[in-house]
Amino acid sequence: MTRYLLRRSFVLALSLIAAGLALFVLLRLLPGDPAAALLGVGATEAQIAAARAQIGSDLPIPAQFARFMTDLARFDLGESFVTQAPVLPEIGRRLQVTLPLTLAAFLLAILVATPLGILAALWAGDWRGTLLSGFSQLGLAVPVFWIGILLVWVLAVNLRLLPASGFPMRGWEDPAGSFRALILPVLTIALVMSASLMRYVRSAALDVLGSDYLRNARALGASLPEAIRRHALRNGALPVISVLGIELATTLLGAVVVERVFALPGLGSMLLLAIQQRDYPSVQGVLLVSTLMVLLIGFAADVLQRLIDPRLRERGRRPGE
Amino acid sequence: MKRLTLRLGLLLVGFNLAVGLLTFFWTPHDPGAMIGGRLSPPSWTHWAGTDRLGRDFLSQVMVGARIALLVGAGATLLGGAVGISLGVLAAYARRGLDDAFAAALDILIAFPTLLLAMLVVAASETASLGTAILAIGLAMSAIIARLARILTKRVLAQDYVTAARCSGLSWARLTRTHVLPNILPTLAVALAAQFGLAVIAEASLSYLGLGAPPPNASWGTLLQQAQSTVHRAPIGVILPGLALVSLVLGINFLADGLRDLLDPEREGAE
């Protein structure tokens, strides 16, 4: 396991470097001169040349890359072209909205989806199972922003129970206000997410419930709860964990739509704005931080799977090894 | 029950497909023409009322079906073909290569559908249906490849695969006889879910203002425009949303029905 952890950490580090390289190339491929974007229309040639020298886009590509990587190593993500403010602190401020939003929704979704998914598998074939599957089917087909708009329409516009949009200007200084601002967005994400998670939990549970080893365990005298606890949970958890990792990452970065519905100043809306304004340092910064978070999530999911499945640990590589 | 899901799916997708095809020949009104009052309620001339520019709303929603299906199907074809090939190959590869594949997939997945699509749109300067298909399809292929790799590795870790290898089965036949039949049912469900998600991703892109430009208004664009007037004209928020849900629901039903047909093992469980 230690060897695996070391190897996997090495892969993680390599991935980070590769991701940095990919991002660097990707952003250089974007059309338009960042220096021109920095100054806007009406800038003279001399001004543009000065701006190029300032941001380093007049250097040869390898030199630019070296500078990019050393800046990264010093956690310097540069300054925004638009506001001239350093990018990293701004990302930190944005994460204060996006992280609580995503994590709360994620936890809520797991708490709802796991028991419901297992029940749906146990009840497969009767009307209760059909009802639960119907709910999950419906949730899968509903775009998250539509749920958001409908919730705003019913709970905020008509019933005036909760704020329809926005987030307190001063962040979490007024926790109650910030909390209230996040209730509808969290509900929105959790509703949609639990529907899709439930489907995976149900499918994994059905696989396990139909398996020979579970039938054997039952034949050897184990009660159903006992057999599930000893054999089904671990086996069933494997595909679900892999899905959970992807789901968390997608929600973290996909929060951009929900942030737009509720006009929340999160990481997603920062990226959207930066793309619209061609604010390259901000785009780059948000993408780097997002990539880092997603790679860490993938790392955690892989390690978790190893811990749970001894087959992956001992002989899971491939036959003939 | 099984037949019912399949039929419901066929019905819903078929309906959307029919409406989408119909719009090439006929819509109640020209979807781009400003012919009615602003935000007028549903009436005999405008069954779903008009939008804030006085355009017939039903016609616009009908055109939306065409765009949703086109982008969804295109992206799924692209994502499935690229994803399954990459995933299965990665599972067979030697350790170092496989790790590199896995790491590359992790990075690709670091850009979920929507984010990658946003970047492609930013890079291409003009958003079009093509950029949406390319962006959504590529993002999907990473997710499919990762799943295909994990599923293939699970199959390869089984004893009967070792036995088959020992008896001299070639990799090509092993793939055909053991790997693909084992992983395809799960992948089909995933791909179908991805088809639905691609339709949703297209709508989301348009909702963010990064989709195909007017007059080919996507359901996402319609929803975005109607959101601020929801208190006066709720139908503007309800109709495109319902259309979107009906299509995605239909695709998912179709997928479930197909899975039950493809996977006889599951017969007893349902």
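Every chain is numbered from 1, with letters handed out A, B, ... down the list of sequences.
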Under the side-chain contact (heavy atoms from CB on, under 4.5 Å) criterion, do B:Val237 and A:Trp153 qualify, and how do the steps go? CA-CA 9 Å; B:Val237 157; A:Trp153 178 41; 5.5 Å; no
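Residue B:Leu12: no heavy atom, backbone or side chain, is found under 4.5 Å from chain A. With a 4.5 angstrom heavy-atom cutoff, A:Leu138 touches chain B via backbone and side-chain atoms both. Of the two parts of B:Ile238, the backbone and the side chain both hold a non-hydrogen atom closer than 4.5 Å to a non-hydrogen atom of chain A. For chain A, the nearby part of B:Ile150 is the side chain; its heavy atoms alone come within less than 4.5 Å.
Taking chain B as the reference chain and counting heavy-atom pairs below 4.5 Å, the highest number among A:Leu292, A:Ile297, A:Leu272 is found for A:Leu272. Among B:Val248, B:Ile200, B:Leu208, the residue with the largest count of heavy-atom pairs under 4.5 Å with chain A is B:Leu208. Highest contact tally toward chain A, considering only B:Gly241, B:Gly209, B:Ser246, is held by B:Gly241 [criterion: heavy-atom pairs under 4.5 Å].
Of all the heavy atoms in A:Ile149 and B:Leu223, the pair that sits closest is CD1-O, 4.3 Å. Shown here for A:Gln137 and B:Asn252, the closest heavy-atom pair between the two residues is OE1-CB, 3.4 Å.
Other residues, nucleotides and ligands place more than 12 heavy atoms under 6.0 Å from the CZ atom of A:Arg128. With a 6.0 Å radius and a threshold of 12 heavy atoms from other residues, nucleotides or ligands, A:Tyr213 has its OH atom above the threshold. Counting non-hydrogen atoms of other residues, nucleotides and ligands closer than 6.0 Å to CZ of A:Phe135 gives a total above 12.
The closest side-chain heavy-atom distance from B:Leu244 to A:Trp146 is not below 4.5 Å.
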